[in-house]
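Single-structure report; data block below.
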There are 2 protein chains.
Amino acid sequence: MKKVTLNDIAKKVGVSKTLVSLVVNGKARGYGISGQTCDKVMAAVRAYGYNPNQTARSLRTGMSNTLGLIVSDISNNFYASLARQLEDLAWELGYNMIIGSTDESVGKELKLLEIFRNRQVDGIILSSSQQNPTELENLVKSGFPLVLIDRYFPTVPIPSAVVNNKVGGELLAQHLLNQGFRNPVVLSLTPSYISSVAERVEGFVSVFENAAIHTEVHNIPFLCLVDMVEDFFTTRLHDKNMPDAVFAVNNNLATATLRACHVHNIVIPKDIALVCFDELPYFDFSKPSITSIRQPVAELCSVAFSLLQGQITNNGETKPGHVEMMPVELLVRESSTQISDNNGWRSP
Amino acid sequence: MKKVTLNDIAKKVGVSKTLVSLVVNGKARGYGISGQTCDKVMAAVRAYGYNPNQTARSLRTGMSNTLGLIVSDISNNFYASLARQLEDLAWELGYNMIIGSTDESVGKELKLLEIFRNRQVDGIILSSSQQNPTELENLVKSGFPLVLIDRYFPTVPIPSAVVNNKVGGELLAQHLLNQGFRNPVVLSLTPSYISSVAERVEGFVSVFENAAIHTEVHNIPFLCLVDMVEDFFTTRLHDKNMPDAVFAVNNNLATATLRACHVHNIVIPKDIALVCFDELPYFDFSKPSITSIRQPVAELCSVAFSLLQGQITNNGETKPGHVEMMPVELLVRESSTQISDNNGWRSP
DNA sequence: ATTGGCGGCTAAATCGTTTTAGATATTTAC
DNA sequence: GTAAATATCTAAAACGATTTAGCCGCCAAT
């Protein structure tokens, strides 16, 4: 019942704790401990089922073999995928992951950072909701291993792994333009200063602007997203002021838009086109299938992870505020295709 | 830079560590510490930004304010939702969550349990992939706070929060029967002994059995799910041996089935009906919308959490192996409706 | 015979808390 | 005026590991 400690093993074998510790940590060779003693210790370790108490180890070494992951909502498919892939990378190197969701609250984000640090996590991967990240900057300056993922700060030197959101927005806009859409609306998120969101919108709007088309941008608060999107369409239908295309800046907004269209009997893409950022598993077989920007999630994770590793092991290779920006991929599907009048649309 | 410790504060104020500790932990009153001293200490705590080192605290108290969550795959929408809701419940009470995905590997599950215990987690919520959970039983017997969620062991007394999977399977089968389907196939998961899966299948099969109809059950290995489902339909199409209805036992299988049908130009529900266990956000607005069983995720989490709390605080109220089984809800939608020949099906 | 080096091991300090068992001074009781 | 009670506060021992500094015996070299 009671866990067996280093001391227990030392007593059983009749050696010092030091010896046992060295053997268990594989440092026997380096400290000239005889193979015989080594074997005796390992035998006892196995026999009594000894496992080092990580807490004690952390206290002593200041390392915990734990990484923190902070995102806005771990139940969002995108962040859940990040979590899983990061977990696997971490596992490979003997780390575990402790997670926290902020619901875009800066206060909670700061609290989580503080708590994770007090837990001696060896590093934190963060998708920040902040606007002026002075605390983050200080944290990095102080040498704490921190990597931003998905969202970064263009003017603040913090190692980051992000995708090229601006180009993503541009690709979607250009595609809509090519398809002949001229009256687009962007459904975006509050807070709107978040880099990923802002850049997607910026890229999208700029392309239409170049074509002398003004784009309306609606910022939807994070927490009442589904209702607000439905309200948006209710209003627009009532005002007979419907856009001919919608750009949903993330997967939640895309899903909410599809739901709203269903409720209002708006047919995609006949009545309105839909494009969005992020992939969801059903986008490629839904009817209609959904035009979207695919993010290289696996690469995002492995880059973020190696940036973090670089800081933890302090190999000095990485520049202080390196931002790795990865390309995205436009997947053209049915939801943004101008079609004649084919209600029972089927893919070829 | 360097974190400020209890000792630092004690020295600054000119009192003992004990005093500071008591004040910080709000035990000043109980130990008769004067209000004046109390204020001085708190002032210093704030001034120097002191935060207790959780690691040291854990080592001393044996509690870590951390809970472990172990599931098969945190990126699965169902488990991601569980994680988020549990995280929120935990946060309320000052806990953080450390997570682990097993990919249904019993070995990894056991390793994670061991690791989490070495990290002094105060309790673990587990969706187990085991068949003979002797270790789990011993863990619970030893007094370690462990709660099973989603999957349980009918013959082993471990506190559990699950839904009534059997009834869920029955409801789906009865519905299909009523709709006139007579040739169903179950797409299930390997390992098939997992209680949730087994009971869903059992309920489903038994209803058809009562109607003298044999149900074929296909167990798909967890890791190559998408391809295997597609292969299943390829084979059946080739053999001209198509079922008239498919029961997908979880959300992954439902999605894989939809994808396979799309690839093979199989039209749901005209060519084949689809019902499944689990809700996904798009099930109620997809075309067709998908008949499914909704699990009471929020209740599942709050029950699991309070079972765990009960064990942690050891209030002795809970019976040793209490299994809480919650009802599920059948949501009949378009994917299982016998319709005439309406390709361009639309909801009313 | 002293010195130095080395192989094999250990005692004790340390990490930052919590908690136990008092210490000290001041009141109160009688 | 002494003993007991009370009000504040503290020293020191944990918790279970890691790590520093160094002990002890033996051999080789000078």
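So that the names make sense, note that chain A is the first sequence line, chain B the second, and so on, each numbered from 1. Keep in mind that what you see is a predicted model, and the values were worked out from it rather than measured.
Side-chain atoms of Asn65(B) and Gln54(B), non-hydrogen and from C-beta on, do get closer than 4.5 Å to each other. With contacts defined as side-chain heavy-atom distances shorter than 4.5 Å, the pair Val71(B)/Thr102(B) does not qualify. For the pair Val162(A)/Met326(A), no side-chain contact is recorded, criterion being any heavy-atom separation below 4.5 Å from C-beta on. Side-chain contact between Glu137(B) and Phe153(B) is absent, with no heavy-atom pair separated by less than 4.5 Å. Residues Arg151(B) and Ser128(B) have side chains not in contact (no heavy-atom distance under 4.5 Å, counting atoms from C-beta outward). Within the 4.5 Å cutoff, the side chain of Asp88(B) has no heavy atoms near those of the Glu92(B) side chain. In this structure, the side chains of Tyr50(A) and Leu6(A) come closer than 4.5 Å at one or more pairs of heavy atoms.
Contacts of Asp103(B) classified as side chain to side chain donor-acceptor pair (under 3.5 Å), with partners at least two apart in sequence or in another chain: Arg84(A).
Between Glu135(B) and Lys111(B), none of the side-chain N atoms (NZ, or NE/NH1/NH2) sits under 4.0 Å from a carboxylate O, so this pair counts as no salt bridge.
Defined by atom type and a distance below 3.5 Å, a donor-acceptor pair is missing between the side-chain atoms of Thr5(A) and Asn7(A).
For DNA chain C, the contact window with chain B, defined by any atom under 4.0 Å from a protein heavy atom, covers dG16(C) to dT20(C) in 5' to 3' order. For DNA chain D, the contact window with chain B, defined by any atom under 4.0 Å from a protein heavy atom, covers dT8(D) to dG16(D) in 5' to 3' order.
Recorded end-axis angle for the helix from dA1(C)-dT30(D) to dC30(C)-dG1(D) stands at 70°, based on five pairs per end and rounded to 10 degrees.
Toward the 5′ end of DNA chain D lies the nearest nucleotide of Val15(B), the other residue of the pair Thr61(B) and Val15(B) mapping further downstream.
For the contact set between residues 30-50 of chain A and DNA chain D, defined by any heavy atom under 4.0 Å, the members are Tyr50(A).
Backbone-only engagement by Thr5(A) is indicated by non-hydrogen atom pairs under 4.0 Å involving sugar-phosphate atoms exclusively.
In this structure, Lys108(A) is positioned above the aromatic face of Trp91(B), its NZ or CZ under 6.0 Å from the six-membered ring centre and within 45° of the axis.
Of the options Leu69(A), Ile124(A), Thr66(A), a side-chain contact (heavy atoms from CB on, under 4.5 Å) to Ile98(A) is made by Thr66(A) and by none of the others.
Listed by first and then second residue, the side chain to side chain donor-acceptor pair (under 3.5 Å) pairs involving residues 10-31 of chain A are Asn25(A)-Arg57(A) (not counting sequence neighbours).
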